[in-house]
Structures are given as structure tokens and as C-alpha cells.
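Inspection log for the structure reproduced underneath, given as C-alpha cells.
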Amino acid sequence: MNNRFVYLDHAATTAMRPEVYEAMQSYFIERYGNPSSIYSFARDGKKAIEGARDKVAGALGARAEEIFFTGSGTEADNWAIKGVAYANKFKGNHIITTSIEHHAVLNTCQYLEGDGFEVTYLPVDENGLVTPEQVERAIKSNTILISIMFANNEIGTIQPIAEIGKLTRKRGIYFHTDAVQAVGNVPINVAEMNIDLLSLSGHKFYGPKGIGSLYIRKGVKITSFLHGGAQERGRRASTENVPAIVGLGKAIEMASSNIEEESRKLIALRDRTIDEVMKGIPFVKLNGHRSQRLPGNINFSFEFIEGESVLLMLDMKGIAASTGSACTSGSLDPSHILLAIGVLPELANGSLRLTFGEENTQEDVDYLLEVLPAIVERLREMSPLYEGVEIGGKSYAV
Ligand SMILES: *Cc1c(COP(=O)(O)O)cnc(C)c1O
């Protein structure tokens, strides 16, 4: 056996950068004061929080007072959607979202449906895109919120966020985007893109887990998320997680200062892998938009085999990948995202998500390209479905 390890699951989570870890360290045992305390010893923590807030604001083109720290990306999504829904109930009860959102958005919307709200789930095209025209057509007189993800966590497709922002602003309807996969990978400016609320999560861009942030444009009507003390201007009470907030600030600063160069590198790894796999392995389909996708994202469907089996065999070769989102692994249902872009259930079960990140190299791609074709071939040899195709049977992928 070899002891090589290649991590290709950056959409699930990323390793913290050493610089981020270092920035956090002193806030655990040395500078542990409660940021709400008055004495000078505690002021360090308060200052560190405000420094991190400035960094998040700077990365998004927002103002510091529009940035609120949360316990995760999931929490930011919950707060944005429930908070706007309940605070604007007097205006209407209709929400528009898409059928390919992360469960943090989908299940929150479903929860609200049980509480008197009406939700439209927009379908997407075969590339995973919604159009601004579709959004416009779905708007009704009682629409209060539109929530559309910036970039998809499984297939990487990037939505026309600025165009949607333009039309929602014109109509005076709040626009939330789950940008958890996009932050640090794609340039974002909430002011230029007319975004009213934006969710992000530290562990998706080399920061700590269990910390996120919600951008709330000044003037947006939203309920408080946690009731208690005066932290986060009374909107999200509880003693701040100072080390994690500091880590989030450092991570977003580092990720956003380097987007262009990093994305050029990731696109090179991505496109070489896509080209070689499509050339070298028959009956394979690329899911998601070919170019309007996250720099590090690949999602393939291999016909006649199960994605889970590919994962297990890649794992034996020291390669960590995914079949879809980490949150749904363990469930054998085909991904709601792949079904929404029209992938047949037979193919959706054969999907493999490879997501590259900053530590990946061309050598990692070499290694992947060395082992993947053999794995696919071996699994197909064991598949009764494949036998038929070799002698001229039916294929779905091509
Ligand atoms: C990971 C992810 C989330 C959830 O973020 P957590 O911080 O893990 O709760 C939400 N939306 C998308 C698109 C994600 O990729």
C-alpha cells in the first residue's frame, strides 16, 4: 500500500491555515477576558472582534456595522431567512428560492411553509442555472424575500447574482444569497451586486469550524436571532467566540487578497482533470456548467457504477473525495441537486465530486488520473448493467 494522501474535498471543509491558527492562539488561554467586561484586560478581545469585523466587511465591500458573527453558515442562512420572513410578515408571506439550495436554506424554507409562509422553488436548467427572467416572473405582490445561492456546493454552478440583485433592488424585495461556497473563491461586492443579506462560513475558506457571518445591509428589517445580552448589537446575543472570530477575520483576509492567482491555479487543475477524464473514460458526464463554475469544483457521473464504490476505492488509494454534499452522505437517496438538473437517478448514484484547494498540485492530478480510470473500469467489470453496453446496449450518459 502507498501512504500518499490527496485531499479533494474542499467543498466539505478545508484545513485551517497555520497563520489563522497562530492568530487565534493567544485568545484561548492568555487573552481570555469577556469582551463585554469593562477592565482593560478584556478590551483586547473586544478590539480583536472589531478588527475581524473590519476584515469581513472589507472582503465583501460592506460596512463593519453590517457584519454579524454567527455560529456557522447554517445559522447565518437560518437567521437571514427566518429573520426577514418574520420581520416582514406584515408586508407578505411569499419567498422565492431555488430547488438546488443547500439544506440549510431548503429545510428552513420548508419549516416556514409549516408556519404560514408560501415558498416558490425555482427549477434550474441542465447546467444548474436560474435566469433573472425566471426570478422576475415568480415575483408576486406578496413576495418579501428572494434567496438564491451564489455558487452550488455540489456542481459548482455560479448564479447570475448581480443581475438578480439589480432586479430585486428595483422591486424593493430583499435578496439573500448563501455565499458559503463562493467567499474566497469568487470576487464579491455586496454593494455593487445589490445584495441585502449574505451568509458565509469560516471552515470553507481555511478558517475555523463553528463560525460564520451574516451580512445584513443597513436598513433591512430582520428579527434578532438570539435574545439575551447586548452582543452583536443585541441581534445575536451570547458571549462571543473570540478565537474563532479572530480566525475568521484572518482567513477571509488571506483568501480574498489572493482570489485571482488562486483561482487561476485551481482552474488549471480542474480543467486538466475534466479534459483527461472525459477523454480517457467512456460513459462519463460532467455535471454543472462547463465554465460558469467554482474554480476548484468538478462533478462527474459515471454510468453503470455507484459513486459510493468509487469513493471507497479512491479512499484505499489515499484520495479523499465525495459523492455530493457531506451533509447528505449516509443517505442513499440521489442528490436533489443532480435530480434538479435532470440527471437520471441511475446516473445521479454514480456521481463523484472532486473539489480542489490551495494545497493541491499538478502531481495530485497526475496521481488521480493514474488511479481513477482503473477504478472505474474495475467496478464496471463487476456491473451487470455494463455487460449489456459492451455488446451494444443502451447508455444514458452519451
Ligand atoms: C457548507 C455549506 C453550508 C453550511 O455551513 P456550515 O458552516 O457548515 O454550517 C451552507 N451552505 C453551503 C452552500 C455550504 O456549502
Side-chain angles (χ1 to χ4, degrees), residues 7-16 20 56 60 67-83 97-111 121 124 128-130 147-159 161 176-186 188 195 197-215 225-226 236 241 244-245 247-249 251-252 255 287-289 293-299 320-330 335-338 340-341 353-357:
Y7 185 74
L8 299 180
D9 203 13
H10 292 80
T13 197
T14 57
M16 243 171 37
V20 171
V56 176
L60 300 177
I67 301 301
F68 295 83
F69 294 112
T70 64
S72 64
T74 300
E75 183 185 312
D77 284 339
N78 270 259
W79 184 9
I81 296 167
K82 288 185 218 166
T97 186
T98 77
S99 52
I100 61 163
E101 298 295 315
H102 189 275
H103 282 115
V105 168
L106 281 184
N107 290 352
T108 302
C109 287
Q110 264 159 34
Y111 165 80
Y121 299 90
V124 295
L129 280 171
V130 286
S147 178
I148 294 177
M149 69 196 324
F150 208 113
N152 187 269
N153 47 302
E154 284 186 32
I155 56 174
T157 301
I158 299 171
Q159 303 297 341
I161 292 299
H176 166 249
T177 186
D178 173 345
V180 172
Q181 290 289 334
V183 170
N185 283 314
V186 188
I188 296 177
I195 296 165
L197 304 111
L198 179 145
S199 309
L200 58 87
S201 172
H203 74 101
K204 300 289 175 76
F205 49 85
Y206 314 99
K209 294 175 179 62
I211 185 75
S213 178
L214 180 64
Y215 153 77
F225 187 73
L226 290 177
R236 203 270 186 189
N241 186 349
I245 290 172
L248 178 80
I252 201 166
N287 299 312
H289 197 279
R293 76 189 298 142
L294 288 170
N297 172 288
I298 298 177
N299 189 308
S322 158
T323 50
S325 87
C327 319
T328 48
S329 60
S335 139
H336 69 285
I337 294 165
L338 295 180
I341 60 171
R353 182 184 72 180
L354 305 165
T355 45
F356 293 99

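Just follow the structure's listing: the first ligand is 1, and inside any ligand the first atom is 1.
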At under 4.0 Å between heavy atoms, which part of Asp77 makes contact with ligand 1: side chain, backbone, both or neither?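 Contact part for Asp77 vs ligand 1: side chain (C-beta onward).
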Any idea which heavy atoms bring Ala182 and Ile188 closest together, and the distance?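 The answer is CB-CD1, 4.1 Å.
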Under 4.0 Å to a heavy atom of [X] - the qualifying atoms of ligand 1, by number:
X: His203; answer: 6 (P), 7 (O), 8 (O)
X: Lys204; answer: 1 (C), 2 (C), 3 (C), 14 (C), 15 (O)
X: Val180; answer: 1 (C), 2 (C), 3 (C), 10 (C), 11 (N), 12 (C), 14 (C), 15 (O)
X: Ser72; answer: 7 (O), 9 (O)

Using distance alone, decide if ligand 1 has a nitrogen or oxygen within less than 3.5 Å of any nitrogen or oxygen in Asn153.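 So ligand 1 has no N or O lying under 3.5 Å from an N or O of Asn153.
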Would one find an N or O of Gly73, backbone or side chain, under 3.5 Å from an N or O of ligand 1?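 In this structure, Gly73 places an N or O atom under 3.5 Å from an N or O of ligand 1.
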Value rounded to 0.5 Å, distance of CG in Asn107 from CG in Asn78: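 Answer for the CG-CG pair, Asn107 versus Asn78, is 9.0 Å.
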Pairwise distance NE2(His103) to CG(Asn153) - rounded to 0.5 angstrom: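 The distance works out to 9.5 Å.
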With sequence neighbours excluded, what pairs up with His10 under the ring-ring contact (aromatic ring centres under 6.0 Å, His included) test?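 His10: ring-ring contact (aromatic ring centres under 6.0 Å, His included) contacts with Tyr7.
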For Asn185, side chain to side chain donor-acceptor pair (under 3.5 Å) partners two or more places apart: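 So Asn185 forms no side chain to side chain donor-acceptor pair (under 3.5 Å) with any residue.
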When you measure from atom 3 (C) of ligand 1 to each heavy atom in His102, Glu101, Glu75, Met149, which option holds the nearest one?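 Looking at heavy atoms only, His102 sits closest to atom 3 (C) of ligand 1.
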Kindly assign one of parallel, tilted or perpendicular to the pair Phe225 and Trp79, based on the angle between their ring planes and the thresholds 30° and 60°.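 The arrangement is tilted - the two ring planes meet at 30° to 60°.
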